[in-house]
Amino acid sequence: MLLKLAWRNIWRNKRRSLIVLLSVIVGVNAILIMDGMSNGMLSQMLFNQISLNVSHIQIHSEGFNDNKTIKNSIKKTDEVENVIRSNKQVEYFSKRVVTFGLLSSASNSTGVYINGINPDVEQHISRIKSSIIEGKYFAGSKRDIVIGQRLAENLKVELGDKVVALANTPDGSIGSDVFRIVGIYKSPSSEFDKTYIYIPIITAQEMLDIPGQVHEFAMILKDHKLAGKVTDELKTQLPNGFEVLSYENLLPYVIIQLELYGEMLFIINFIIGLALIFGIINSMLMSVFERINEIGVLMSIGMKNWKIFLMILFEALIIGIAGTTVGVVSGYLISLPLGVYGIDLSIFAESLESFAMGSVLYPQLSLENFLIVIFMIPFISLLGAIYPAVKAIRLEPVYAIRYV
């Protein structure tokens with residue numbers, strides 16, 4: 001009976017009820033769109049960092065990540081390789097020579113991170129091959145070099161131009177070689193494009209006088225969520241003298257940034273929920289004041305206060321559930337094309353590149369986002385109805401019946 005009364009009371013003033021219902025729907029859509037955009041932005045930032053050069057897990061000699069010296073190379077590469085191959089969660093892995101050096105052209109010079117790689121294997125680890133915008137991803141020569149677009153602009157070089165790479169060798173002398181630019185890539189990160197260059201690993205070993213040695217093993221797992229678990233497994237299987245780091249260890253600032261954005265998102269959702277609460281309080285108060293006489297009659301004929309209290313709560317709950325249902329469905333329908341085609345933010349491209357994001361944002365909604373909204377909005381509706389319901393049950397029946 002209380003539900004039937006609540007349903008009828010809602011539609012006594014259709015305009016007001018529809019306005020409140022519409023505000024709930026808009027609030028649900030706003031929360032879902034904000035969640036989707038934030039999820040998409042955060043996942044793109046993390047994915048771009050991982051796929052550019054970091055990978056899911058890296059293995060070095062102990063202390064290399066904090067002090068990338070040429071001497072701190074991995075000597076027992078066969079032993080490390082056997083351990084990696086024995087782990088069923090590792091899908092791909094690549095050996096790298098990594099050092100800091102200088103790249104010079106006829107016009108300019110700049111400091112760079114020199115990455116000696118096996119191009120055929122590295123294409124499964126990083127996205128450099130798919131980011132090539134000019135030329136090729138290595139042409140087969142030992143003197144091929146692939147550089148970023150921003151670096152090419154700084155050095156004032158083009159495809160086919162020659163550049164000289166210099167770096168320290170283990171004995172303190174300078175190793176150098178001449179390379180021809182065969183490919184120019186453009187990644188989502190402008191800073192990455194300025195500093196990372198790629199050459200064949202054999203050439204890097206010859207130039208640095210470290211035959212057969214590598215500095216890094218980079219791995220891609222079948223499921224990146226298992227990075228922590230696989231990292232612990234590899235640590236127990238490898239002897240002392242090695243460091244095994246997951247992407248969470250390698251990207252501490254990005255992880256902190258993700259957590260910060262998550263907290264900001266909670267605050268935004270809280271503000272939207274607060275606005276809904278005040279809207280529902282206002283609407284329900286108006287509804288109660290319009291029905292003071294009727295509430296007085298119900299009290300005088302013996303209806304218990306708790307039943308009147310529940311009736312008003314049911315009115316808000318019905319609006320909350322109806323608005324949430326329509327809002328979730330419409331929010332999902334809106335997010336579908338946005339997730340496929342993305343939101344073009346090319347006008348902010350330069351700013352986004354500093355955060356390692358592309359110019360197109362692809363919103364992503366998870367089941368958790370929908371579940372939070374489904375339970376949160378009806379609960380907020382109930383909270384918003386408590387004060388009007390308390391005002392109603394505090395009315396004196398005699399005063400309420402005579403109220404004009």
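Just so we're clear, the structure is a prediction, and the values are computed from it rather than from any experiment.
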Colleague: ring-ring contact (aromatic ring centres under 6.0 Å, His included): which pairs involve residues 94-120, sequence neighbours left out?
Modeller: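 The answer is Phe100-Tyr113, Tyr113-Tyr196.
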Colleague: Show the nearest heavy-atom pair for residues Val112 and Leu151, with the distance to one decimal.
Modeller: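 For Val112 versus Leu151, the nearest heavy atoms are CG1-CD2, 3.9 Å.
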Colleague: Could you give all pairs that pass the side-chain hydrogen bond (donor to acceptor under 3.5 Å, both in side chains) test and reach residues 128-137, with sequence neighbours left out?
Modeller: Gln123-Lys129
Colleague: Between Ser61 and Ser73 (side chain of the first, backbone of the second, donor and acceptor by atom type, cut-off under 3.5 Å), is there such a pair?
Modeller: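 Flag set: sc Ser61 to bb Ser73 pair under 3.5 Å.
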Colleague: Whether the Asp193 and Ser187 side chains hold a donor-acceptor pair (N or O, under 3.5 Å, no angle test) is what I'd like checked.
Modeller: yes
Colleague: Write down the atom of Val214, the atom of Gln205, and the distance for their closest heavy-atom approach.
Modeller: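 Nearest heavy atoms, Val214 then Gln205: CG1-NE2, 4.0 Å.
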Colleague: Please list all pairs meeting ring-ring contact (aromatic ring centres under 6.0 Å, His included) that have one or both residues in residues 139-158, counting only residues at least two apart or in different chains.
Modeller: none
Colleague: Nearest heavy-atom pair of Ser330 and Asn29: which atoms, and what distance?
Modeller: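 Looking at all heavy atoms of both residues, the closest pair is OG-ND2, 2.9 Å.
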Colleague: Kindly write out the residues that satisfy salt bridge (Lys or Arg N to Asp or Glu O under 4.0 Å) with Arg143, not counting sequence neighbours, or none if the list is empty.
Modeller: Asp177
Colleague: Could you tell me whether the side chain of Leu166 reaches within less than 4.5 Å of the side chain of Met207, counting heavy atoms only?
Modeller: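 No, every pair of side-chain atoms sits at 4.5 Å or beyond.
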Colleague: Consider side chain to side chain contact (heavy atoms under 4.5 Å, CB included). Of Val121, Ile84, Leu221, Ile125, which one does Tyr92 pass it with?
Modeller: Ile125
Colleague: Assess whether atom CD1 of Ile133 is packed by more than 12 heavy atoms of other residues, nucleotides or ligands within 6.0 Å.
Modeller: yes
Colleague: Working to the nearest 0.5 angstrom, can you tell me the gap between Ile199 CD1 and Ile145 CD1?
Modeller: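 That separation rounds to 6.5 Å.
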Colleague: Can you name the closest pair of heavy atoms from Asp144 and Ser141 and give their distance?
Modeller: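 So the minimum-distance heavy-atom pair works out to OD2-N, 3.0 Å.
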Colleague: Can you measure from NZ (Lys222) to NE2 (His56) and round to the nearest 0.5 angstrom?
Modeller: 13.5 Å
Colleague: Can you find a side-chain donor-acceptor pair between Ser105 and Asn108 that sits under 3.5 Å?
Modeller: no
Colleague: Between atom CG of Asn168 and atom CD1 of Ile70, what is the distance when rounded to the nearest 0.5 Å?
Modeller: 8.5 Å
Colleague: Mind telling me whether Tyr198 and Tyr185 have parallel, tilted or perpendicular rings, with 30° and 60° as the class edges?
Modeller: perpendicular
Colleague: Sort and list the pairs that fulfil salt bridge (Lys or Arg N to Asp or Glu O under 4.0 Å) and have at least one residue in residues 87-101, not counting sequence neighbours.
Modeller: Glu81-Lys95, Arg96-Glu122, Arg96-Glu216
Colleague: With no hydrogens and no angle check, is any side-chain donor or acceptor of Arg127 less than 3.5 Å from a backbone partner on Leu52?
Modeller: no
Colleague: When rounded to the nearest 0.5 angstrom, what is the spacing between OG1 in Thr231 and CG in Asn87?
Modeller: 9.5 Å
Colleague: Give me the atom names and distance for the closest heavy-atom approach of Gly63 to Asn72.
Modeller: C-ND2, 3.7 Å
Colleague: Using every non-hydrogen atom in the two residues, find where Ile74 and Ile59 come nearest and quote the distance to one decimal.
Modeller: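 Closest approach of Ile74 to Ile59, heavy atoms only: CD1-O, 3.6 Å.
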Colleague: Among all residues two or more places apart in sequence or in another chain, which pass the salt bridge (Lys or Arg N to Asp or Glu O under 4.0 Å) test with Lys142?
Modeller: Glu206
Colleague: How about Ser38 and Asp35: does a side-chain donor come under 3.5 Å of a side-chain acceptor?
Modeller: no
